[in-house]
Amino acid sequence: MRPDLTLPKYLAIGYLLVLVGVLSTVSVFIGLKWLPERVNVTQNGFRGTAMNQIVHPAAQRLLQANNLIPESSDPASPDGDKAVDVYENIQVLKDLSAEQFLRVMTSITEWVAPEEGCGYCHNLENLADDSLYTKKVARRMLEMTRHINLDWKAHVANTGVTCYTCHKGNPVPANIWFTSPDPQEKPGLMATNDGLGHPNAINASTSLQADPLTPLLLGKEPIRIAGKTALPAAPYGAPIQTTEQTYSLMMHMSSALGVNCTFCHNSRSFSDWSQSTPQRVTAWHGIQMARDLNALYLDPLKTTYPANRLGPIGDAPKLNCATCHQGANKPLLGVSMAKDYPELGGTPAP
């Protein structure tokens, strides 16, 4: 032992080394705890083209929590008395048995108005009464649900939809939209902004057009605007306003489905279908479906709703991609509730 190092000094050095080791270990564990999680990357296109879908694990957990499926009720027999022979004023679901009809009504209450109960749509003293506007709207929504499941398999395939797909326990779906007031009605320089510079939930918080849905998901204006030449050439293609309108819709779709542009497109040539993914075909049918549903089922209900349920220009609430998808590339993460409810599968027209 060196004469200048006494035993207490050795002990002090030992304690110091132990303390350093403990602190280092604790620091490592704390660091590991707060390290950012690695994102999940899935290739869905050609090699080397960056056609990947990127999902953060935390976002995926939140998405799963927001897409829990309620337990299905016991199946109902199609046999026995028809609902129209048992109940009064049945205008929709006439083909169902009384048992099936009661099952659908009970399920709708759980899916749409679990707190309000049957009284949200019905006069509880007379269930056949049509005085509540919600009952008239519900009838039309049942017809629309059957129409989707029967006639729009090009988009919903055999997965189908139920009332829960959009409502998720809310009387009014979380994602509806109204036509924005015409920006040309505003005075001064704002009259020429064409709806730009107003970030909102529709345009994915960008400065693109605030309302691409009225012309593209209610109207039938063309969406394809990609130029075919490197420089402008006569005759010129779509104006820049149409391009901004299209990109605003595409941003909405990307946000609504929780995906990148490359979920459908190869970004080297957005317009080329041969380089696109199969999902682009499904999305195209989704656009046609949204137009069909808004024009035939939702917009005409503006004469049924009370004034407080209408938009700023007096239009009815309508649907867009987010109404069903709600941040998932497949509504309810692809789980089919419709298979457990054949009553909502639709019936062929007579």
ask   = Transitively linked via ILVMFWY side-chain contacts under 4.5 Å: L102 with V84?
value = yes
(Q) Applying side-chain contact (heavy atoms from CB on, under 4.5 Å) to N52 and T262, what does each step give before you reach the verdict? (A) CA-CA 7 Å; N52 301 318; T262 51; 5.8 Å; no
Here the pair of heavy atoms bringing L127 nearest to H122 is O-ND1, 3.3 Å
_Any donor-acceptor pair under 3.5 Å from K168 side chain to N66 backbone_ = yes
All heavy atoms of R103 vs all of P342, minimum pair found to be NH1-CD, 4.3 Å
For P300 and T303, the nearest pair of non-hydrogen atoms, with its separation, is O-OG1, 3.5 Å
Practice item. For the residue pair E221 and Q245, confirm or rule out a side-chain donor-acceptor distance under 3.5 Å. Key: yes
Derivation of the side chain to side chain donor-acceptor pair (under 3.5 Å) call for N44 and T42:
CA-CA 6 Å; N44 69 314; T42 303; over 6 Å; no
**Study point:** Verdict with reasoning, N175 to H325, per side-chain contact (heavy atoms from CB on, under 4.5 Å)
**Key:** CA-CA 9 Å; N175 297 287; H325 285 267; over 6 Å; no
Got T214 and W177 here, is their nearest side-chain heavy-atom distance under 4.5 Å? yes
Exactly one candidate in H147, H155, K153 meets side chain to side chain donor-acceptor pair (under 3.5 Å) with D151; the answer is H147
- Cluster overlap L257 with V55, hydrophobic side-chain contacts below 4.5 Å: no
### Query
Going through the checks in order, is the side-chain contact (heavy atoms from CB on, under 4.5 Å) test met by N89 and K135?
CA-CA 12 Å; N89 197 17; K135 183 179 181 183; 4.1 Å; yes
Rounded to the nearest 0.5 Å, the OH atom of Y305 sits from the OG1 atom of T134 at a distance of 10.0 Å
CE (M141) and CD1 (I108) are apart, to the nearest 0.5 Å, by 11.5 Å
Here the gap from L344 atom CG to S107 atom OG, rounded to the nearest 0.5 Å, amounts to 8.0 Å
ask   = Does the side chain of P70 come within less than 4.5 Å of E110's, by heavy atoms?
value = yes
- Task: Look at the side chain of S72 and the backbone N and O of D340, then say whether any donor-acceptor pair between them is shorter than 3.5 Å.
- Result: no
Can you find a heavy atom in the side chain of T246 that is under 4.5 Å from one in the side chain of T243?
no
Under 3.5 Å side-chain donor-acceptor pair for S97 and E99 = no
Side chains of residues 307-320: which donor-acceptor partners sit under 3.5 Å, not counting sequence neighbours?
{"unit_1": "R309", "atom_1": "NH1", "unit_2": "Y133", "atom_2": "OH", "d": "3.2"}
{"unit_1": "D315", "atom_1": "OD2", "unit_2": "T179", "atom_2": "N", "d": "2.8"}
{"unit_1": "D315", "atom_1": "OD2", "unit_2": "T179", "atom_2": "OG1", "d": "3.4"}
{"unit_1": "D315", "atom_1": "OD2", "unit_2": "K318", "atom_2": "NZ", "d": "2.5"}
{"unit_1": "K318", "atom_1": "NZ", "unit_2": "A316", "atom_2": "O", "d": "2.8"}
{"unit_1": "N320", "atom_1": "OD1", "unit_2": "A322", "atom_2": "N", "d": "3.0"}
{"unit_1": "N320", "atom_1": "OD1", "unit_2": "T323", "atom_2": "N", "d": "3.3"}
{"unit_1": "N320", "atom_1": "OD1", "unit_2": "T323", "atom_2": "OG1", "d": "3.3"}

Evaluation steps, side-chain contact (heavy atoms from CB on, under 4.5 Å), between H265 and Q275:
CA-CA 7 Å; H265 298 276; Q275 298 184 52; over 6 Å; no
Closest non-hydrogen contact found for I202 with H252 is O-CB, 2.9 Å
Discussion item. With a sphere of 6.0 Å drawn around NZ of K82, does it hold more than 12 non-hydrogen atoms of other residues, nucleotides or ligands?
Written reply: yes
>> Checking the side chain of N294 only, and the main-chain atoms of L218 only, is there a donor and an acceptor separated by less than 3.5 Å?
In response: no
CG of L333 to CD of Q326, rounded to nearest 0.5 Å, is 11.0 Å
Tested for side chain to side chain contact (heavy atoms under 4.5 Å, CB included) against W111, the lone hit among T165, T162, N170 is T162
Interatomic distance, CD@E343 vs CG@L93, rounded to 0.5 Å, equals 9.0 Å
Can you find a pair of side-chain heavy atoms, one from L249 and one from L217, that are under 4.5 Å apart? yes
Under a single-linkage definition using a 4.5 Å side-chain heavy-atom cutoff for Ile, Leu, Val, Met, Phe, Trp and Tyr, are V86 and M105 assigned to the same hydrophobic cluster?
-> yes
- Has the side chain of N203 got a donor or acceptor atom that lies under 3.5 Å from a matching backbone atom of S205? yes
Q. Quick check: does any side chain N or O of R139 sit under 3.5 Å from a backbone N or O of Q91, one acting as donor and the other as acceptor?
A. no
Practice item. Check the hydrophobic clustering (I, L, V, M, F, W, Y; side-chain heavy atoms under 4.5 Å; chains of links allowed) and say if I287 and Y247 are grouped together. Key: no
Between G160 and N149 the two heavy atoms that sit nearest each other are CA-OD1, 3.1 Å
inquiry  = Has S336 got a side-chain atom pairing as donor or acceptor with K339's backbone, closer than 3.5 angstrom?
reply    = yes
For the pair D95 and R146, evaluate salt bridge (charged side-chain N to carboxylate O under 4.0 Å, His left out) and give the outcome as yes or no after the intermediate values. CA-CA 12 Å; D95 55 301; R146 284 186 152 196; 3.0 Å; yes
With a 3.5 Å distance limit and no angle check, can you tell me whether R140 reaches the backbone of L301 through a side-chain donor-acceptor pair?
no
CD (E244) and OG (S207) are apart, to the nearest 0.5 Å, by 8.0 Å
* Are W152 and D292 side-chain neighbours, meaning at least one heavy-atom pair lies under 4.5 Å? -> yes
(request) Could you tell me whether the side chain of M51 reaches within less than 4.5 Å of the side chain of N266, counting heavy atoms only? (result) yes
Open item on the list: Has N123 got a side-chain atom pairing as donor or acceptor with D130's backbone, closer than 3.5 angstrom?
Closed with: no
Discussion item. I'd like to know if the side chain of Q209 and the backbone of D211 have a donor-acceptor N/O pair within less than 3.5 Å.
Written reply: no
Can you confirm whether more than 12 heavy atoms, excluding those of D81, are under 6.0 Å from its CG atom?
no
Donor-acceptor contact present, side-chain S255 to main-chain M251, <3.5 Å: no
If you define the side chain from C-beta out and look only at heavy atoms, does anything of N329 sit under 4.5 Å from F263? yes
message: A side-chain contact here means heavy atoms from C-beta on lying under 4.5 Å apart; do F270 and M250 qualify?
response: no
- [ ] Examine Y341 and V92 and state if one hydrophobic cluster contains both, with Ile, Leu, Val, Met, Phe, Trp and Tyr joined whenever side-chain heavy atoms are less than 4.5 Å apart.
- [x] yes
Closest heavy-atom pair, P114 versus G169, reported as atoms and distance to 0.1 Å, is CD-O, 3.3 Å
